[in-house]
Amino acid sequence: MATLNKVEQAKASFCGLDLAPRLGELSAAGWESLDEATLTIHLKWLGIFFRPVTPGRFMLRLRLPNGVLNADQLDVLAEAIDRCGSHGSADITTRQNIQLRGLLLEDMPPLMAALERVGLTSRQSGHDNPRNVTGNPLAGIDPEEFIDTRPLVDRIQAAVLGPEGPRNLPRKFNVAVGGAPDSFLLHNDLAFLPAFNDGTLGFTVMVGGFFSAQRNELAIPLGLWLPADQLPAFTLAVLRHYERQGDRSNRNKTRLMYLIDAVGLDTYRAEVVESYGAVAGAAAALALVPHDGTHLVCRAPRDICGVHAQKQPGLHWVGLHVPMGRLHADSMTDLARLARTYGSGGLRLSESQNALIADVPSDRLEALLAEPLLRHFRVDPGPLAAEAVSCTGNRYCSFALIPTKSTAQAVVEELERRLEVPHGVRTHWTGCPNACGQPYMGAIGLMGAKARKDGAMVEAVKVFLGGSMAADPRLAELHDKGIPLSELPEALEQILVERFGARPRALPA
Amino acid sequence: MLRRDGDPTGDPAQLPPPGDPGRWPWLQHLRRRPQLELAPWLTALEEGSVPAETDLLTVLAERVDSSSAPRLLAWWLQQDPPDPTLGERIGRWREASCAELLRQALMRAPQQAPLLLPLLGHQRDPADAALLSRLALAPGAAALRRAALEGLAVGLSSWPLPALRRTLTQLAADLDPQLAADAVDLLARLPQARALLLGLAAERLDPAVAARRQRRLHALPPSPLLLLVHGRSGGLIPDDLLALRDTLEQRRGASVRLLALTAAKGSPHAPLPPRPEGPEGATLVPLFLVPGGHVRHDLPAIADHWRQAGPLRRLPFLGAWRSWQQALTQEVQELARGAAAPPLLLHHPLDGALGQRYLQHLSRITGAGCRPASYSAPDPQELQLAIRSPVLALALAANRLTDSLPLELGPPLLQRPRLQRVLLEQLAALP
Ligand code: HEM
Ligand code: SF4
């Protein structure tokens, strides 16, 4: 029998969700009453993260299914970090989500109540839980979509957080639903991609995608197709099976793909079908259709920035580039105001850590584009800036080998000064091999490292090239194992010129 | 456990040096070891045989326990100067001995205070509240004062409240706008935050701080007030009460409704208000001066009725408020000055033991005698009596009794500046 590791022991002792009713009392009593495991593990079931780098200043990670939120919700989040003064900030994450930083534990009970009032939750957003469920950021307004993913994602979240949902998975778990030709989602443990079966539009199931320091995999076809209305129950079935069968001895070898490897894809499929029968009834399980995994996703995700016609005539979405996904209270308040003033109040977040304002009528566009906020959150970012993705970096993460966000921003700006790049090039920056910034998905992936320069060890990056999220998806591969940061602009300039058709800009006279 | 090449043995001598490509995975392994013996690492750090890099300290700091934490902290505090980045990681462990080490370090090396004070606050020992408050308030380097305030912030719910309120209230008007802003934000998190923020004199605040206070207030909407008053026959509400309502509404920026007991039958039971915003719902304030039938019977019934509209907080009747009793006492004392006989409080006749006990209490604290007087059919006898003593009629606003009193016996309570002011202040400060 496998012995439980320390984390598993803590998780087995009680469920973090049980802390919810005691949160007020715990924060009022001061959190010295919280032991180490409660502080660093259990509170994450409520979305509350103890940050060792800023002891006493906590992070709260929300759930924003499909990256959808509205102006009133954004106002509540802005107020929460405004209260934290210079400590307060927020990040748009690569799961279309928002996390708030700088909060005191005392902030949590009123904030949770405020979130609930505006229909938000932070439940089970961290640690070994099903994370924010993503979908097409343009769902419902996208002229190119096959299906609106929002109601599907909402129902999956409801199922996952409902009484039947998992409370103690062996490891985190990512679920996503594709709805458009550019819904690249193979980095998820479970991805539903739009696919036809016998002329009916439904979803083919992809499983096992994940990135880590040890291993990187794109999801593979499970060989099953199902109609849209079965997604929530099927997700539950997969999660419950994983909860029962996933390995709990070695946290480095626990993500879903290891389980699939261990039992073999065919056995895994059979077991999931059985689990589905238990969740949805044997009749429903019979309705699962064998499928070859072909699907309708054929392009890398669109750059959402700029003004684009929605599928509703006369309306537009205006995509804004949020540098490195970093938000502050004033910019959030302003963003909420713009969404309310010029659109319907609806906002979306993308995996590229950008935001869009939905439902802007043609005659409001000019006024919106003249707003001062759009000088910082541009509608026309450079081709590198638009899709530069970065992990948290070393202000907040102890393992970063370089200051990720600031390096990314500085280098991208410098390259855009030097080069004309004919089309978007996706750069993914990550501070260390833990790969939170998904370097293997970038056309250019950059990973913090150390390298020797002039006899001394200096901050550097490993460079990965060749990642593609298009029809024939590929993970990027190691190209250079240590370029010192001081030489990075030149090295990337060369790569962009040689491989991506960039041209040096004419120098200003 | 399997031993592959490069597998960490947990032996400090084996740790690849900074910059070595093997170092990151080595440390990640170390971090995940089921057991980690910290003593050799602490010794190596103390001897300087292993360089004190952030990545290593992060791993070690995650694994400390109550015996190794103080040792690690003591090592860090001995560095000259201690590296702030390491301190954040090392200082997270909360333990009486760690707090003591930090205090000693503060005495020994006051120049390190900006680094140490947030860590001390993080220890959340109420004993340190005074020190943190003093350093935040005392004139001194901005960095030091801000660090002291951050210490107060990260331990917020551990400090004795009255002193904390005073410190933060004072800091809110500080000339350093960042300190002032942080103080306002912290006040907004304390119990009765609205009252505290409203209590700040806006004109003394830096404009940016005043704007911040406004934002905090905006997010702390005051609860709508339901003022339960007796009213006059036919539901007529005296002007004094209408004026009170208007002033209050303006001051609170939230709705204030008057419910008259005497209005058309059942009025306080009539149309329910829209469900109030805020989680706390509306506040029912019984503006009765004595615990008579209205307080004992009508009030619970009315509260039950209004609860149908949402959460309702019910306050004690006005006569029971200590602030009100103090104001009455002062008013009586003023009347007593130079008077031939002790003042009299005229009150509506009361039955029941509760009412009698209340009157005895009132008489004791104010030094006035209490005398029943029919409010609906005032007895001229009473007036005779009253003329020899100064008189205070326990009626907020004009009623038949006050109407019947000679003018020089004075106006109803709401027309007396002290009592009016106290009532307004109390009601304005309700959350
Ligand atoms: C709707 C008809 C009523 C009228 C016109 C009326 C009249 C008054 C007036 C003018 C006052 C003085 C104002 C005040 O002290 O709040 C008063 C207070 C009082 N009334 Fe009434 N009343 C009515 C109903 C009742 C009833 C039914 C009772 C007896 C059960 C009662 C018992 C009292 C008591 C004990 C007080 C003192 C209240 C206090 O200040 O705490 N009233 N009433
Ligand atoms: S990739 Fe590394 S540096 Fe970046 S957030 Fe993850 S662990 Fe931290």
Side-chain angles (χ1 to χ4, degrees), chain A residues 3 5-6 27-32 36 39-40 50-57 75-76 78-80 82-88 104-107 110 113-114 116-117 213-214 250-252 329 333 394 397-401 432-434 448-452 456-460 462 481-482, chain B residues 17-21 23-25 27-29 31-32 34-35 54-55 57-59 61-62 64-65 85 88-89 91-95 118-119 121-126 146 150-151 153-159 178 181-182 184-186 188-191 193 212 215-216 218-220 277-279:
Chain A
T3 51
N5 60 47
K6 236 175 66 181
S27 69
W31 51 272
E32 66 275 46
E36 191 70 4
L39 198 59
T40 57
F50 174 77
R51 307 278 65 207
V53 181
T54 53
R57 295 280 180 179
D75 273 337
V76 167
E79 161 64 20
D82 191 28
R83 272 156 64 109
C84 302
S86 57
H87 299 271
L104 301 175
L105 193 57
E106 286 81 356
D107 291 333
E116 198 178 319
R117 277 201 297 283
Q214 291 76 32
N250 178 352
R251 294 183 59 77
N252 284 340
T333 307
N394 75 352
C397 176
S398 304
F399 299 109
L401 297 166
C432 80
N434 281 337
K450 298 281 179 203
R452 189 168 290 281
M457 279 301 172
V458 295
E459 291 180 333
K462 290 182 180 171
K481 67 185 189 14
Chain B
D20 187 301
R23 183 177 171 95
W24 191 92
L27 282 172
Q28 295 289 319
H29 270 272
R31 190 177 159 225
R32 299 207 161 98
Q35 253 82 49
T54 313
D55 53 359
L57 267 300
T58 298
V59 172
E62 274 181 6
V64 294
D65 54 24
T85 319
E88 285 169 339
R89 289 154 173 87
R92 61 172 283 199
W93 192 271
R94 300 173 320 276
E95 176 90 43
L119 298 179
H122 170 74
Q123 295 288 335
R124 293 199 168 216
D125 183 340
R146 289 176 191 173
E150 177 62 6
V154 294
L156 195 64
S157 40
S158 324
W159 319 127
Q178 189 187 321
D182 288 350
V184 164
D185 287 333
L186 291 175
R189 290 157 159 126
L190 299 187
R212 181 168 284 276
R215 296 204 296 280
R216 295 297 81 84
H218 186 74
L220 291 166
E277 288 275 298

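Given the structure is predicted, the values throughout are model-derived calculations rather than measurements. Letters A, B, ... mirror the listed sequences (proteins, then strands); counts begin at 1.
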Hey, what do you get for [atom1] ([X]) to [atom2] ([Y]), rounding to the nearest 0.5 Å?
| X | Y | atom1 | atom2 | result |
| --- | --- | --- | --- | --- |
| B:Glu150 | A:Arg57 | CD | CZ | 4.0 Å |
| A:Glu106 | B:Leu190 | CD | CG | 9.0 Å |
| A:Leu104 | B:Ser157 | CG | OG | 9.0 Å |
| A:Glu79 | B:Arg215 | CD | CZ | 8.0 Å |
| B:Arg94 | A:Glu36 | CZ | CD | 7.5 Å |
| A:Lys450 | B:Asp55 | NZ | CG | 7.5 Å |

Go through the structure and list residues passing salt bridge (charged side-chain N to carboxylate O under 4.0 Å, His left out) with B:Asp182, not counting sequence neighbours. none
A:Glu116: which residues meet the salt bridge (charged side-chain N to carboxylate O under 4.0 Å, His left out) condition with it, sequence neighbours left out?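 Not a single residue meets the salt bridge (charged side-chain N to carboxylate O under 4.0 Å, His left out) criterion with A:Glu116.
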Under 4.5 Å from any heavy atom of chain B - which part of [X]:
| X | answer |
| --- | --- |
| A:Asn250 | neither |
| A:Ala456 | neither |
| A:Asp82 | both |

Kindly give the heavy-atom pair with the smallest separation between [X] and [Y], and that separation in Å.
| X | Y | result |
| --- | --- | --- |
| A:Cys84 | B:Arg189 | SG-NH2, 3.5 Å |
| A:Phe399 | B:Trp24 | O-NE1, 3.5 Å |
| B:His122 | A:Pro55 | CE1-CB, 3.4 Å |
| A:Pro52 | B:Arg92 | CB-NH1, 4.1 Å |

Hey, which of A:Asp75, A:Val76, A:Asp107, A:Thr40 has the most heavy atom pairs under 4.5 Å with chain B?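 It is A:Asp107.
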Looking at chain B, which one of A:Met457, A:Arg83, A:Lys481 has the largest number of heavy-atom pairs inside 4.5 Å, strictly under? A:Arg83
By a 4.5 Å heavy-atom criterion (distance strictly below it), what part of [X] contacts chain A: side chain, backbone, both, or neither?
| X | result |
| --- | --- |
| B:Leu27 | neither |
| B:Val59 | side chain |
| B:Ala153 | both |
| B:Arg23 | neither |

So which of B:Glu62, B:Arg212, B:Gln178 has the largest heavy-atom pair count under 4.5 angstrom toward chain A? B:Arg212
